[in-house]
Every structure is written in structure tokens, then in C-alpha cells.
Novice: 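Below are the C-alpha cells for one structure; questions will follow.
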Amino acid sequence: MVTAEKRAELKATDASLIHRIVQRDESALAALYDRYAGMLSSVLNRILRDTQAAEEILQDIFYQLWRNAAQFDSSRGSLSGWLLVIARNRALSRLRRHNPASGDELSENTVVVASNLESSVAQQQLMSKVISALDNLPKEQRAAIELAYFEGLTHSEIAQRTGDPLGTVKTRLRSAVETLKRDLHS
Amino acid sequence: MSIEHPTRMEDFDLYALGALDDAERRAFESHVASCAECAEKVAEARGRVAILAFASPPVAPSPGVKETLMRQVIASAEGPGGSFAHAKPEPAVDGGIFARWWAGLLPVATAFALATVLLWLHNEQLNRQLADLRNTITQQKQELAETRHQADLIAERETMVVPLWSQKGTPESHAEGHARVLYNAKEGMMTYDGWLPSAPADKSYQLWLVPMNGAPISAGVFNPRNGEMSHMMMKLPAGVTAKEFAVSLEPVGGMPHPTGPMVLVGPIS
Ligand SMILES: [Zn+2]
């Protein structure tokens, strides 16, 4: 059963929920959690392959949002994008045993996402688009982009891993981001 | 500092992806730090790169995470202590020993009354928060039961994810249609999530598993409501090797074999 209250919460924009969090409304945080925890949990698990570590980071990100929501400027960037960037950064730091990035994550990482991801329908639609865009890449390009995104490897680290010449890796990644930009953003 | 703007758009995406090696990255950052125009492009590139996260197989967090988070949040909420500490005592009025004694007691009495009210209010607030939390947990348990099956299916290594798209040359009305099938041949489990426009009054959509050998197997008949996603989960015979999944438009209630036009098709690569 979806209550009227819950339905209103589903329709509230991220910006209005952030505003309510600034005013210490816990239910607004719960609503944002319901909206984005699944999306973040998926990428955290993919990077870390460790459910417990993924859940620790997930909880921590939302707690940080609760404490510092006032620093988030909804007019400059999107919350969903920020959450995705922070989740990936934290997971990669943990994976590579770096200390998490210091500094002010909320105001420094402005992320502009072209699609509105506030509804689960929109998230599902984007998911099928991303999956098929990656499926359409040549195999080596797809492998390179996955090593960069999910393992945090740089050009030369990918070259080392795959045994391919550095120049080849650079060309592959460049073509891959070009194709993805065309397929997903035009 | 380098004065040149990065020349190619992909440089921003490669930077956001974290693919640049140290020297390149530092050169890039030293320019962007002092160029508002490029900083804006970095924000957009971060967004383009961020959505690659959606290539991850869906994994729902355990309900305990939300519960712990909300407890942590409620515990951190400002209690009455803060306000109470700031309550200023009333200035004492001069007028003999009794007046001074009474005046001395007044702020204490006021503070006591205030504290009582604040504690009561706080208690009310906590009760409300607890009730909300309980509701949330109950609701989550229900949602979890519904999604657990699907989550289990997704977590299986053998489960394949197959996107379905509208065919070239389908009518305009169906061009926006799309769906995703999760299929586990070993278990014969399958889920379908997708969007299609409402079917004409005398028609239904029918989902088919097209096996490598033999006739298409019906996997369900559905009539989406206008603008809404359809979700289905079904059990099929185990051990069938699928060649593709498809959705066709059939007479209401479906047919034993596909007869109508295919509106969505998802071949298995
Ligand atoms: Zn510039």
C-alpha cells in the first residue's frame, strides 16, 4: 500500500527534500534514501565486491548529507550526480587503500547530470540505455572503460594490466568516451 | 599554470573518468582551477561519466542500513540540552532578604518549568519519530519481501540481463517502448520490467521466450496502464536456452503462438 504521504514524497523534487533536510526533517532524508540507496548500493557493490564495506559507505554518504545539506547548492549541480561521484570516489579509495579525499566534498564536486533521475522509472530507463550503449562498444573499448570506471585505473595502469601499448589504450578510451557521449547524450 | 583550454571535449570525460596519469592530470587541473568555463565543462563531464554506474547489476542494500542511518540521525538531532543551557536567569530584584531569596528561586522555578515543557515536547517528538521509523520499517519489510525474489535472481551469476527495444519500422506510437528481461535458464526464473503505450482495447501484449530450438514459449500476457511501467515475474520450464525475448501485440488474453506484430525484441548476444 502506498499512502498519500508516501506518494507526495515520491513526487517531491530533490531540491525541496534537501531544503527540508536543512530544516532538520528526518523524513526528507528517508525519502532521498529510498530514492537513491538502490542506485548507490549497486555501484558500490560492483566496485567493492564486499557487501559490508558497501553498506558502510552507503550509510556514511547519507549521514554526511544529513549533516552538511546546507552546503549543497541544488542550482549548481544535481544531487543524484553528486551521490554517484562520491560513492565511486569513496569505493575506489577503499579499494586502493587511499585515504578518502579530504576537503569539502559537498561544495567542491559540482556534477551536472543531463537526465532527471528522481523517479525509479527514469533510473530504470537510464539503466537500459547505459547497458545497451556499453554493449554496443567494441569489446576492447568496453573493457578499457570498465577498468577505468569500476577499478579506477589510469591509462598507464590499464596498459600494464592488459599488456597493450599505452597509445592503443589512450585511443581506445578516447573513442569509447566519444561514442558513449554520442549514444547517451545526443 | 597552463593558459590553453583543453582542446578536445573528450579530455574532460577522460579527466572525470580518472584515466589521466599524474602529469597530465596535474596540467589539466592547474588550468581548470582558474578557468570558470572549463570548470563548468568538468561538471558536465562528471555527470556523463557518473551515469556509467548504471551498468552495475542492481543490488538492494539490506534494510538494516536505513534503520541504522535513521537511528544515527535521530540521535544526532539537537536535544533540549542546547536550549536549556542558553536560558538566561532572570535579573534579581533588590528588596529585602525575603525578596532576594524569592528572586533567587524564581529563575530556578522558571528554568524547571521550561525544562519540563521541553522534555515533554522532546518526548512527543521522539515518539513521533519512533512511530515514523516503525512505519518505515514495516513498509520496507513488505517492499523487501516483494523485491527479495528479484534480488536473489539478479545476484545469480547465471542470470542474464537482456534489453528489449522497439523494432525499426514499428509505428511511431511504439518507438519509445523498451524493456529489460532478467532470465535465469537454470532456475527457469524470469522478470520483465518495461514500458509500452496502452494496448488497443481489443489487444494485449504478450511476452515470448524464443528458444534456440522449438516454438516460442509464452511468458505472460499484460495490459499496461497508460504511462506506467509493467513489472512481471514468472516461472518457466528450467533449462531452456533462449535465443531472444520478444513482445508481440495479440488478441486480448494472448495466443498460444505469436500471431501479431513484434513490438519489442531483445536478442541475446
Ligand atoms: Zn579553460
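Throughout, a chain's letter reflects where its sequence line sits, starting with A, and its residues are numbered from 1. Predicted, not measured: the structure shown is a model, and the values here were computed from it.
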Novice: Taking heavy atoms only and a threshold strictly under 4.5 Å, list by residue number the residues of residues 141-150 of chain A that touch chain B; give 'none' if the list is empty.
Specialist: I145(A), A148(A), Y149(A), F150(A)
Novice: Under 4.5 Å heavy-atom distance to chain A, tell me which part of V42(B) shows up: side chain, backbone, both or neither.
Specialist: neither
Novice: Please classify the contact of A45(B) with chain A as side chain, backbone, both or neither, using a heavy-atom distance under 4.5 Å.
Specialist: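 Neither part; nothing is under 4.5 Å.
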Novice: Measuring heavy-atom distances to chain B, does Q124(A) have an atom under 4.5 Å in its side chain, in its backbone, in both, or in neither?
Specialist: side chain
Novice: Taking D13(B) first and then R174(A), would you say they form a salt bridge - that is, a charged N and a carboxylate O separated by under 4.0 Å?
Specialist: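 R174(A) and D13(B): not salt-bridged.
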Novice: With respect to chain A, which residue among E44(B), E40(B), M9(B) yields the maximal number of heavy-atom pairs within a distance under 4.5 Å?
Specialist: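 Looking at each of E44(B), E40(B), M9(B) in turn, E44(B) comes out on top.
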Novice: What part of L83(A) lies closer than 4.5 angstrom to a heavy atom of chain B: side chain, backbone, both or neither?
Specialist: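 When you check distances to chain B, no heavy atom of L83(A) falls under 4.5 Å.
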Novice: Identify which of D135(A), V121(A), V130(A) forms the greatest number of heavy-atom pairs closer than 4.5 Å to chain B.
Specialist: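 The option with the most such pairs is V130(A).
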Novice: Any side-chain to backbone donor/acceptor pair from H155(A) onto L166(A)? Under 3.5 Å, distance only.
Specialist: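 Checked: no pair found.
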Novice: Quick check on R8(B) against chain A: is it the side chain, the backbone, both or neither that has a heavy atom closer than 4.5 Å?
Specialist: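 Interface part for R8(B): side chain.
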Novice: Examine distances only and state if a side-chain atom of R24(A) and a backbone atom of W66(A) form a donor-acceptor pair shorter than 3.5 Å.
Specialist: yes
Novice: Sort out for me which of L184(A), L180(A), L134(A), L173(A) touches chain B most, counting heavy-atom pairs under 4.5 Å.
Specialist: L173(A)
Novice: Do you know which of S27(A), A54(A), A30(A) has the most heavy-atom pairs under 4.5 Å to chain B?
Specialist: A30(A)
Novice: In terms of heavy-atom pairs under 4.5 Å with chain A, which of G18(B), A53(B), A39(B) leads?
Specialist: A53(B)
Novice: Between the main-chain N or O of T110(A) and the side-chain N or O of R46(B), is there a donor-acceptor pair closer than 3.5 Å?
Specialist: yes
Novice: Checking A37(A) against chain B: side chain, backbone, both or neither under 4.5 Å from a heavy atom?
Specialist: both
Novice: Donor-acceptor pair, distance only, cut-off 3.5 Å: does the side chain of E26(A) make one with the backbone of I74(B)?
Specialist: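 Side chain of E26(A) to backbone of I74(B): no pair is present.
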Novice: If you count heavy-atom pairs under 4.5 Å with chain A, which of G64(B), P163(B), A55(B), G194(B) comes out on top?
Specialist: A55(B)
Novice: Could you grab the distance from atom CD1 of I158(A) to atom OG1 of T168(A), nearest 0.5 Å is fine?
Specialist: 12.0 Å
Novice: Once you round to the nearest 0.5 Å, how far does CG of L44(A) lie from CZ of R88(A)?
Specialist: 12.0 Å
Novice: Is a donor on one side and an acceptor on the other found under 3.5 Å between the side chain of S42(A) and the backbone of V59(B)?
Specialist: yes
Novice: Between D22(B) and chain A, which part of the residue has a heavy atom less than 4.5 Å away: side chain, backbone, both or neither?
Specialist: neither
Novice: Are R71(B) and E67(B) close enough for a salt bridge, meaning some N to O gap below 4.0 Å?
Specialist: yes
Novice: Select one option (side chain, backbone, both, neither) describing which atoms of K170(A) are under 4.5 Å from chain B's heavy atoms.
Specialist: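 For K170(A), the contact with chain B is made by the side chain alone.
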Novice: Give, as side chain, backbone, both or neither, the part of M127(A) having an atom under 4.5 angstrom from any heavy atom of chain B.
Specialist: both
Novice: With a 3.5 Å distance limit and no angle check, can you tell me whether R94(A) reaches the backbone of L48(A) through a side-chain donor-acceptor pair?
Specialist: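 Answer holds: no.
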Novice: Using modelled atom types only, decide if a donor and an acceptor are shared between the side chain of D21(B) and the backbone of S156(A) within a distance under 3.5 Å.
Specialist: yes
Novice: Under the side chain to side chain donor-acceptor pair (under 3.5 Å) rule, collect the residues that match up with D14(A), sequence neighbours excluded.
Specialist: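 D14(A) satisfies side chain to side chain donor-acceptor pair (under 3.5 Å) with R35(A), Y36(A) only.
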Novice: Do the two ring centres, one from Y192(B) and one from F245(B), sit under 6.0 Å apart?
Specialist: no
